[in-house]
Amino acid sequence: MSLSIVAGPEELAREAAQRFAAAAARSVQSRGAFAVALSGGSTPRAAYQALASPPFAGAIPWQSLHVFWSDERCVPPDHPDSNYHMARLALLNAVPLPPANVHRIPGELPPEEAARRYEADLAARDRPLDLVLLGLGADGHTASLFPAAPTPFAGRLALAVYADHLHSWRVTLTPAAINAAGRVLFLVEGAEKAEAVAATLHGRPDPARWPAQGITGARGEADWLVDEAAAALLPRPIS
Ligand code: 6PG
């Protein structure tokens, strides 16, 4: 696990955009394409807005990018809760990404059908994702991998899950799909996440309770970009 602590949300958005752009450049240079899964929720919005603005918007080879999602709420694509809708408004409307390169999770379909269609989209690729962006919930969930939830993931790349506490269906990448990715980058901000960050990164290993503990990416270690407020309970080197 590599951990970078930044001052606050603005610095986190800028650093996240920088790392996204660097990963895209490396991947396009080495194999002519870059496939990324965007995370949902509210944290990444500012990073997507940064990517849609100078200097990033003009520097990223958007024609060579393929955009997926780490998870999606089972709602229509124009629903305010849709992770696709958030990314469309914050980023996709502002950059020249070919429409065929947008691989959204069809949340308007019945959940299991949406998961199967998305899985087929992922499986049609000849290689894993290059980067998966993830957030962290205050309860420790990531993507739609919730604590103590059933995990019928065997052999699946994407799965429909019912979030009891949210009374809603979601489609999520499975840990296997995420851990096949070249890189995984967690973006976490805010004091309300401090306990989950500390428990995930420094607590007793218990991925059933803290699902992000089971997320490493193909390199065997995920990258964490955390602001000071969310890092408040992490042990610090004695200076
Ligand atoms: C979602 C996300 C979810 C999110 C965390 C953090 O669909 O909501 O995939 O896993 O990343 O809940 O959300 P915030 O960034 O809004 O705190």
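Both ligands and their constituent atoms are indexed starting at 1 by order of listing.
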_Could you check whether Phe34 and Phe20 have their ring centres less than 6.0 Å apart?_
yes

*Identify the closest protein heavy atom to atom 6 (C) of ligand 1: which residue and atom is it, and at what distance?*
Leu136 O, 3.6 Å

*Please determine if Asp130 and Arg31 form a salt bridge, counting it only when a charged side-chain N lies under 4.0 Å from a carboxylate O.*
yes

*Element-labelled atoms of ligand 1 that are located less than 4.0 Å from some non-hydrogen atom of Asn83*: 1 (C), 7 (O)

*Of all the atoms in ligand 1, which lie at a distance below 4.0 Å from a heavy atom belonging to Arg170?*
1 (C), 7 (O), 8 (O)

*Any N/O of Thr43 closer than 3.5 Å to an N/O of ligand 1?*
yes

*Among residues two or more places apart or on two chains, list those pairs meeting side chain to side chain donor-acceptor pair (under 3.5 Å) that have a residue in residues 42-52.*
none

*For ligand 1, is there an N or O atom under 3.5 Å from any N or O atom of Asp71?*
yes

_Euclidean distance, Leu145 CG relative to Trp210 CH2, rounded to 0.5 Å_ = 14.5 Å

*Identify the closest protein heavy atom to atom 5 (C) of ligand 1: which residue and atom is it, and at what distance?*
His141 NE2, 3.5 Å

_Pair His103-Asp121, side-chain donor/acceptor within less than 3.5 Å_ = yes

_Applying side chain to side chain donor-acceptor pair (under 3.5 Å), can you list everything that pairs with Glu112, at least two apart in sequence or on another chain?_
Arg116, Arg156

*Is the shortest distance from a heavy atom of Arg73 to ligand 1 less than 4.0 Å?*
yes

*Can you check whether Leu12's main-chain N or O pairs, donor with acceptor, with Asp227's side chain at less than 3.5 Å?*
no

*Nearest-neighbour protein heavy atom for atom 13 (O) of ligand 1, which is reported as residue plus atom name and distance*: Gly41 CA, 4.0 Å

*asked:* I'd like to know whether ligand 1 has Lys193 as a neighbour, heavy-atom separation below 4.0 Å.
replied: yes

*Which atoms of ligand 1 have any heavy atom of Ser42 under 4.0 Å away?*
14 (P), 15 (O), 16 (O)

*Side-chain ion pair, Glu228 and Arg236, N-O less than 4.0 Å*: yes

*Given salt bridge (Lys or Arg N to Asp or Glu O under 4.0 Å), test Glu189 with Lys193 step by step and report yes or no.*
CA-CA 7 Å; Glu189 68 188 29; Lys193 307 295 179 72; over 6 Å; no

_How far is atom 11 (O) of ligand 1 from the closest protein heavy atom, and which atom is that?_
Gly135 CA, 3.4 Å

_Atoms of ligand 1, numbered as shown, that sit under 4.0 Å from any heavy atom of Gly40_ = 2 (C), 9 (O), 11 (O)

*For atom 10 (O) of ligand 1, find the nearest protein heavy atom and state the residue, atom name and distance (0.1 Å precision).*
Ala143 O, 2.7 Å

